[in-house]
Amino acid sequence: MNGRFFLTTLNEILSWGRKYSLFQYPFVTACCGMEYMSTACAHFDLDRFGAGWTRFSPRQADLLLVVGTVTQKLAPVLKTVYDQMTEPKWVIAFGTCAVSGGIYDNYAVVQGIDEIIPVDIYIPGCPPRPETVLDGLIKLQEKIKNQEQEWRWKRRKF
Amino acid sequence: MEETEILTKLKNKFPQQVKDTFISLGMEVAIIDKDYLFEVMSFLKEKPQDYAMLLDLTCVDYIGEEPRFEMVYHLFSLSANRRIRIKARVSEKEPRIASLTPLWRNANWLEREVYDLFGIEFIGHPDLRRIFMYDGFEGHPLRKDYPLRLRQSRIKLRK
């Protein structure tokens with residue numbers, strides 16, 4: 001039994017743990033927030049998938065939910081919030097505005113938050129239905145499950 | 001040129017400055033000379049006219065016409081339950097008009113909005129700076145000659 005076998009197993013344990021304990025930071029700016037609230041509350045219940053804990057501090061969160069339109073004026077704020085989050089971190093673009101700017105193809109609106117920060121999952125819809133959001137969350141869990149996880153004492157490749 | 005009591009009164013008081021009066025969809029409208037805006041508005045705010053409330057203040061860009069901009073003011077009389085619309089043309093070369101902040105305090109932010117989006121200067125405004133767009137934004141985005149696809153990002157974009 002060599003060290004490599006041990007590392008892959010730990011990777012699986014970590015990804016299993018991380019995908020079921022997503023602490024989310026909702027960056028809610030617009031009407032998609034209503035659908036977010038609906039998804040997070042009792043009826044659709046985001047907590048069934050382990051993402052029920054909302055942290056209103058980016059430093060304690062590992063899932064950034066960008067819900068709604070991001071204007072050029074707000075872009076530095078979103079960038080700061082993303083930079084404040086500690087690793088590992090994932091980003092969901094929630095709704096058409098966050099995905100691509102949506103109907104707001106004008107001077108004031110950022111044409112998709114991936115112009116500012118890297119995005120893992122895009123959830124389209126104006127606004128997306130709660131089922132769509134849950135589907136996006138499950139897809140993110142799938143992605144986390146298959147990712148290579150980072151941890152502090154991990155041996156670096158030189 | 002239709003007549004109502006207030007429009008007749010306005011024309012009698014300012015025969016030179018009021019250029020035209022008419023009724024548009026039940027709304028009394030007066031087009032005035034922009035240099036006498038403050039006097040006309042003060043007169044309308046006084047009793048017995050009593051248009052005590054400034055509902056809205058905005059601007060229209062008629063590109064290609066001269067004068068290019070048209071300022072639009074909506075007043076409301078709480079005692080008489082009546083509205084009036086005052087318009088004044090402002091040229092592109094000299095986009096200046098008197099500020100109404102001494103008469104109505106809410107004109108402060110409305111005029112900052114028009115200054116931000118149309119670039120009209122308000123003489124006598126206490127704090128004329130942008131209200132919607134950020135520092136470093138160039139141009140006035142609601143002008144018709146502002147490029148449609150021009151983006152002015154505050155931070156460096158990833159792509």
Side-chain angles (χ1 to χ4, degrees), chain A residues 25 27 29-31 58 63-85 87-124 140 143 147, chain B residues 56-65 68-72 90 92 95 106-122 125-159:
Chain A
Y25 178 85
F27 191 87
T29 53
C31 39
L63 170 58
L64 177 61
L65 274 164
V66 184
V67 183
T69 324
V70 177
T71 56
Q72 301 280 9
K73 200 173 182 175
L74 196 67
V77 181
L78 180 61
K79 176 79 176 143
T80 311
V81 165
Y82 179 77
D83 289 343
Q84 280 177 340
M85 288 170 67
E87 294 280 353
K89 53 188 173 186
W90 296 276
V91 179
I92 284 184
F94 187 119
T96 313
C97 291
V99 170
S100 68
I103 57 169
Y104 303 108
D105 187 7
N106 60 24
Y107 59 92
V109 175
V110 176
Q111 299 301 298
I113 58 161
D114 52 5
E115 287 189 341
I116 311 166
I117 55 175
V119 178
D120 291 290
I121 298 289
Y122 298 86
I123 304 177
L140 179 69
K143 183 175 180 176
Q147 260 177 349
Chain B
D56 199 8
L57 173 170
T58 185
C59 182
V60 189
D61 182 1
Y62 292 103
I63 193 164
E65 291 180 22
R68 179 173 162 185
F69 299 104
E70 186 174 64
M71 291 295 301
V72 185
V90 181
E92 187 182 359
N106 66 327
N108 187 324
W109 280 19
L110 294 169
E111 285 174 352
R112 277 178 65 187
E113 180 189 349
V114 171
Y115 166 72
D116 189 353
L117 302 177
F118 287 95
I120 305 238
E121 282 176 44
F122 292 90
H125 192 285
D127 182 27
L128 196 62
R129 59 196 164 93
R130 289 188 181 277
I131 190 167
F132 288 140
M133 307 316 291
Y134 32 90
D135 292 336
F137 190 89
E138 285 175 11
H140 303 285
L142 249 50
R143 285 192 176 190
K144 297 284 183 207
D145 53 3
Y146 185 85
L148 190 64
R149 304 274 169 187
L150 181 62
R151 304 282 190 270
Q152 301 188 33
S153 182
R154 283 180 88 183
I155 54 170
K156 196 168 170 288
L157 298 181
R158 291 176 65 231
K159 54 185 178 184

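The sequence lines fix the lettering, A, B, ..., with proteins before strands; numbering per chain opens at 1.
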Practice item. Count the heavy atoms of every other residue, nucleotide or ligand shown that sit under 6.0 Å from CG of B/D135, and state whether that count exceeds 12. Key: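 Counting neighbours around CG of B/D135, 12 or fewer heavy atoms of other residues, nucleotides or ligands fall under 6.0 Å, so no.
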Check your understanding: NZ of B/K144: more than 12 outside heavy atoms within 6.0 angstrom?
Key ->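 Counting other residues, nucleotides and ligands, NZ of B/K144 stays at 12 neighbours or fewer.
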Review point. Which of residues 68-78 of chain A get closer than 4.5 angstrom to chain B, counting heavy atoms alone?
Key: A/Q72, A/K73, A/A75, A/P76
Check your understanding: Using non-hydrogen atoms and a limit below 4.5 Å, what part of residues 89-108 of chain A faces chain B?
Key -> A/D105, A/N106, A/Y107
Check your understanding: So which part of A/V109 gets closer than 4.5 Å to some heavy atom of chain B, the side chain, the backbone, both or neither?
Key ->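 Contact with chain B is through the backbone of A/V109 alone.
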**Study point:** Partner set under side-chain hydrogen bond (donor to acceptor under 3.5 Å, both in side chains) for A/Q84, not counting sequence neighbours
**Key:**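 side-chain hydrogen bond (donor to acceptor under 3.5 Å, both in side chains) check on A/Q84 returns nothing, list empty.
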Point to revise | Atom group of B/Y146 that falls short of 4.5 Å from chain A, counting heavy atoms | key: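 Just the side chain, heavy atoms under 4.5 Å.
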Study note, to complete from the structure: Among residues 151-158 of chain B, those lying within the under-4.5 Å heavy-atom range of chain A are B/R151, B/Q152, B/S153, B/R154, B/I155, B/L157, B/R158
